[in-house]
**Q** 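Quick one: the structure is below, questions incoming.
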Amino acid sequence: MKTLDEYLELALQSHGHLCPGQVLGIRMAVRGLRELGIDDPQEHRKKLMTFVEIDRCATDAVTLVTGCRLGKRSLKFVDYGKVAATFADLQTGRAVRVLARDDSREKAKAMFPHWNDPYRQQFEAYKVMPEDELFAVRRVRVKINENDLPGGFHQRVMCECCGEGINGGRERQVNGRILCRPCAGDGYYEAKG
Ligand SMILES: [Zn+2]
Ligand SMILES: [Zn+2]
């Protein structure tokens, strides 16, 4: 794995700015991968899956370090609103969840009280704070459905209502009909006009 500074340089390019979230996300991913004994995520890319629980700055940094991406189906977004990520080794079945501790903000403040700028306090503190003060780490078991694995989809069906194709078992059975999620009433949009 690269050093924090090397990752920060890459984060500046890919994320567009440096922020406490980049530091947190990089260190979160480094911790998770180390727990799994993965030193080179690139070499491990077909076996690694990452679940991120928030769509914020730190998520980009987690992606940067792990190489897990939505388009490769190795990154899963689960919308819990928590600054946490789970790193799963698909080969060994081992997984670890790393949660950013809420009290790290207060600690950041206490480390640099003279600044009176939470953004700067957190940015600098998160770089040097011991991992155990920054994160709570737990071994977890992750259930991964065959349809969620990286690679091609095994199934494709057509929605009997809108006629659109549905990949990877995301269809719903409603009163004997195969429907996509929006047609089954579980959509994020409604058709207009
Ligand atoms: Zn940011
Ligand atoms: Zn439909």
Side-chain angles (χ1 to χ4, degrees), residues 1-32 41 50-70 75-85 87 98-102 104-109 111-112 115-129 131 134-135 147-148 153-193:
M1 270 184 280
K2 300 185 201 316
T3 64
L4 178 60
D5 283 336
E6 287 170 328
Y7 278 129
L8 282 173
E9 204 165 300
L10 295 171
L12 177 60
Q13 294 162 26
S14 62
H15 182 65
H17 64 246
L18 287 181
C19 55
Q22 295 310 290
V23 182
L24 206 57
I26 289 167
R27 294 197 64 192
M28 180 180 274
V30 165
R31 175 62 192 260
T50 302
F51 298 78
V52 289
E53 300 183 15
I54 197 161
D55 47 354
R56 286 232 48 207
C57 289
T59 306
D60 279 352
V62 167
T63 304
L64 174 76
V65 175
T66 59
C68 290
R69 290 176 196 284
L70 209 53
L75 180 74
K76 307 294 181 193
F77 172 47
V78 278
D79 198 359
Y80 292 171
K82 296 185 185 184
V83 186
F87 307 89
V98 184
L99 167 77
R101 289 174 52 157
D102 272 320
S104 63
R105 287 168 189 242
E106 282 305 311
K107 282 191 180 139
K109 208 170 158 183
M111 281 170 82
F112 301 101
W115 280 344
N116 209 16
D117 172 2
Y119 194 88
R120 194 170 163 210
Q121 285 168 332
Q122 286 166 23
F123 185 73
E124 293 303 326
Y126 292 169
K127 285 200 231 174
V128 294
M129 209 180 276
E131 272 182 1
L134 215 44
F135 304 118
N147 277 319
D148 293 335
F153 292 103
H154 299 279
Q155 289 165 258
R156 181 177 165 85
V157 296
M158 295 296 173
C159 173
E160 290 179 29
C161 178
C162 68
E164 296 180 2
I166 311 157
N167 296 291
R170 269 58 175 175
E171 66 274 14
R172 299 274 187 272
Q173 286 256 20
V174 182
N175 300 327
R177 294 171 83 206
I178 291 174
L179 300 179
C180 68
R181 282 175 56 182
C183 290
D186 182 23
Y188 70 91
Y189 63 86
E190 275 172 46
K192 255 178 102 182

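Note that the structure is predicted; figures quoted are calculated from it, not measured. Start at 1 and go down the list; that is how both ligands and their atoms are numbered.
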**Q** Around atom CG of Asn116, are there more than 12 heavy atoms from other residues, nucleotides or ligands closer than 6.0 Å?
**A** no
**Q** If you count heavy atoms of other groups shown closer than 6.0 angstrom to CG of Asp102, is the number above 12?
**A** no
**Q** At a cut-off of 2.8 Å, what protein N/O/S atoms sit near the Zn ion (ligand 2)?
**A** Cys159 SG, Cys162 SG, Cys180 SG, Cys183 SG
**Q** Tell me every residue that passes salt bridge (charged side-chain N to carboxylate O under 4.0 Å, His left out) with Lys82, counting only those two or more places apart in sequence or in another chain.
**A** none
**Q** Could you tabulate the donor-acceptor pairs under 3.5 Å formed by side-chain atoms of residues 61-69, not counting sequence neighbours?
**A**
unit_1: Thr63; atom_1: OG1; unit_2: Thr59; atom_2: O; d: 2.9
unit_1: Thr66; atom_1: OG1; unit_2: Val62; atom_2: O; d: 2.8
unit_1: Thr66; atom_1: OG1; unit_2: Cys68; atom_2: N; d: 3.0

**Q** Okay, side chain of Lys76, backbone of Asp148: is any donor-acceptor separation there less than 3.5 Å?
**A** yes
**Q** Enumerate the protein N/O/S atoms at a distance below 2.8 Å from the Zn ion (ligand 1), ignoring waters.
**A** His15 NE2, His17 NE2, Cys19 SG, Cys57 SG
**Q** Are the side chains of Tyr126 and Met129 in touch, meaning some heavy atoms are under 4.5 Å apart?
**A** yes
**Q** Is it the case that more than 12 heavy atoms not belonging to Phe77 sit under 6.0 Å from its CZ atom?
**A** yes
**Q** Within a 6.0 Å radius of atom NZ on Lys109, are there more than 12 heavy atoms belonging to other residues, nucleotides or ligands?
**A** no
**Q** Between Arg181 (side chain only) and Arg170 (backbone N and O only), is there a donor and an acceptor less than 3.5 Å apart?
**A** no
